[in-house]
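Accompanying notes for the structure given below.
On a predicted model such as this, the values are computed, not experimentally measured, just so you know.
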Amino acid sequence: MKAVIGIDAGHGGSSSGTYSMNTVRDGLFEKDFALEQALLVEKHLLKNGFGVVMTRRSDKNPGNVSERAKICAEKNCDFALSIHFNGFGTESANGTEVFVPYPEKLAGIEAGFYEILGKYFKIRAPFARSNNYYNRNEIFDKRLNLGKRRFDAFSGEKDYFGFVRNCWEKGISADLLEICFITNPEDFKTYLENREKIAAGIAKSIVEAFGEEFVFGEEKEKIAAKPRIRRKFDVIN
């Protein structure tokens, strides 16, 4: 078996996540789209010989961020990804975001996420945010240089979304991906039309970051071999 990847479908059960008039009309919430996308990503990772640990496979909440991270830690995941969709009070907000561990300087996986998702959505700067929900001004940007596949700038802020932080504290590199704003009609329409391609792209980014060939369907896409990453040890000195 190759690397083991933890996939966390955000929310679940009574935690519905965000929603819009378009989604509620069909009885769907963020939790439903997150699970859908997580299962699609899992399918592609398994096809490529990776191990996958899912925090949930149904409309059931596996627990808070610490408990979700614990699932990944107990299964010795090499990397973990929490999949979410964004929402805002107005339809104008749009785009894709990646939340990253503050201590890390390698941006290989994140660059891959933006390369694929940038084909469909506006790229919003990868950043970390204080976990203090009531102090939303404590935000900083890590400016991603796609060419160098590195972050060009860092801030002194050292906190970020709970799942990422809890995984990091347990020795697992992790990202939280907000695929798009389902409260934005264009983002939502684009996702529905490209959900399979988006899942394949997310899986491809992970596979390539671990130096493996990506297999999509019956075809193989040849890529230059890259050394297997050890994200949990790649930190800012």
Requested in this report: Please answer whether the main-chain N or O of Phe181 pairs with a side-chain N or O of Asp187 as donor and acceptor at a distance below 3.5 Å.
Outcome: yes

Report summary line: Closest non-hydrogen contact found for His44 with Ala203 is CB-CB, 3.5 Å

Query raised in the report: Is a side-chain N or O of Gln37 found less than 3.5 angstrom from the main chain of Ala199, in a donor-acceptor match?
Result: yes

**Report entry** Backbone N/O of Ile182 and side chain of Ser20: donor-acceptor pair under 3.5 Å
**Finding:** yes

Query raised in the report: If we only count heavy atoms from C-beta on, is the Ile5 to Phe210 side-chain gap below 4.5 Å?
Result: yes

Query - Result of checking Lys31, Arg56, Glu30 against His11 for side-chain hydrogen bond (donor to acceptor under 3.5 Å, both in side chains) - result: Glu30

Query - Within-4.5 Å side-chain heavy-atom neighbours: Phe188 and Thr23 - result: yes

Query raised in the report: Is the side chain of Asn61 donor-acceptor paired with the backbone N or O of Gly63 at a distance under 3.5 Å, no angle test?
Result: yes

Requested in this report: Ignoring hydrogens and angles, tell me if any N or O in the side chain of Arg68 forms a donor-acceptor pair with the backbone of Asp8 under 3.5 Å.
Outcome: no

Report task. Decide side-chain hydrogen bond (donor to acceptor under 3.5 Å, both in side chains) for Glu186 and Tyr191; before the verdict, give the C-alpha distance in whole Å, the side-chain angles of both, and the deciding distance to 0.1 Å. Result -> CA-CA 9 Å; Glu186 191 60 35; Tyr191 172 73; over 6 Å; no

Query raised in the report: Tyr114 side chain to Arg124 main-chain N or O, any donor-acceptor pair under 3.5 Å?
Result: yes

Query raised in the report: Would a hydrophobic clustering, with Ile, Leu, Val, Met, Phe, Trp and Tyr connected at side-chain separations under 4.5 Å, put Ile179 with Leu28?
Result: yes

Query raised in the report: Side-chain contact, heavy-atom cut-off 4.5 Å: Ile7 with Thr55?
Result: no

Query raised in the report: Is there a side-chain contact between Phe113 and Leu81, using heavy atoms and a 4.5 Å cut-off?
Result: yes

Requested in this report: Please confirm whether the backbone N or O of Glu178 pairs with a side-chain atom of Asn86, one donor and one acceptor, at under 3.5 Å?
Outcome: no

**Report entry** Derivation and outcome, ring pair (Phe, Tyr, Trp, His ring centres under 6.0 Å), residues Phe85 and Phe29
**Finding:** CA-CA 9 Å; Phe85 288 79; Phe29 300 86; over 10 Å; no

Report task. Please tell me if the side chains of Asp175 and Val164 come closer than 4.5 Å, counting only heavy atoms from C-beta onward. Result -> no

Query - Val4 backbone acceptor or donor facing Asp78 side chain under 3.5 Å - result: yes

Report task. Side-chain contact test, heavy atoms from C-beta onward, threshold under 4.5 Å: evaluate it for Tyr19 versus Thr183 and give yes or no. Result -> no

Query raised in the report: Side chains of Glu97 and Leu177: does their closest heavy-atom pair fall under 4.5 Å?
Result: no

**Report entry** Salt bridge flag under 4.0 Å for residues Arg57 and Glu42
**Finding:** yes

Query raised in the report: With side chains defined as the heavy atoms from C-beta onward, is the minimum distance between Ile172 and Cys72 less than 4.5 Å?
Result: yes

